[in-house]
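Report on the structure given below.
In this text, all values refer to a predicted model and were calculated from it rather than measured experimentally. Lettering of chains follows the sequences in order, A, B, ..., and the numbering in each one begins at 1.
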Amino acid sequence: VFIEDPEDEWIEKLNEELGGDQMHKHIDMVLHRFPAPMKSIYDLAVNQRFSVQEISKIKGISVEEVESYLVRTRKHLLTSFKGRYP
Amino acid sequence: FLDDIEKFSNTEWIQMQEDYSVD
């Protein structure tokens, strides 16, 4: 979700500095507070590697809605990282 | 939570992490 976006080298640098374990702990904690659909769609996309089209079928929502959830989740996670690691 | 996510300070994030770890 993060590394594929070339605009945010900051996240890659943070990943190098913190290590994946620390980043995953933060992501787990933040996701824990997210609404259930956001958590679920993030999990399907990132952890279980389903495509947007597959998630759309699984969830019974449009591809655009899935993409919207992922964009919002990414945005909120980035915001949380910027607050946590200024 | 999402409405306030931009407002949380570094200290608040650390506290949230500690609370989450305890849970």
Within one Ile-Leu-Val-Met-Phe-Trp-Tyr cluster: A/Val46 and A/Ile58, side-chain cutoff 4.5 Å: yes
Report yes or no: do A/Val63 and A/Tyr69 belong to one cluster of Ile/Leu/Val/Met/Phe/Trp/Tyr joined by side chain heavy-atom distances under 4.5 Å? yes
From [X] [atom1] over to [Y] [atom2], what is the distance, rounded to the nearest 0.5 angstrom?
X	Y	atom1	atom2	answer
A/Arg84	B/Gln17	CZ	CD	6.5 Å
A/Thr79	B/Leu2	OG1	CG	10.0 Å
A/His32	B/Met16	NE2	CE	12.0 Å
A/Met29	B/Ser21	CE	OG	8.0 Å

Heavy atoms only, distances under 4.5 angstrom: which of A/His26, A/Arg72, A/Met38 has the most pairs with chain B? Name it, please. A/His26
Relative to chain B, which of A/Ser80, A/Pro86, A/Pro35 shows the most heavy atom pairs under 4.5 Å? A/Ser80
So the salt bridge (Lys or Arg N to Asp or Glu O under 4.0 Å) pairs with at least one residue in residues 26-35 of chain A (sequence neighbours excluded) are none
Please check if atom CD in A/Glu54 has more than 12 non-hydrogen atoms from other residues, nucleotides or ligands closer than 6.0 Å. yes
Partner set under ring-ring contact (aromatic ring centres under 6.0 Å, His included) for B/Phe8, not counting sequence neighbours: B/Phe1, B/Trp13
Please report the shortest heavy-atom distance between B/Ile5 and A/His76, naming the atom on each side. CD1-O, 3.4 Å
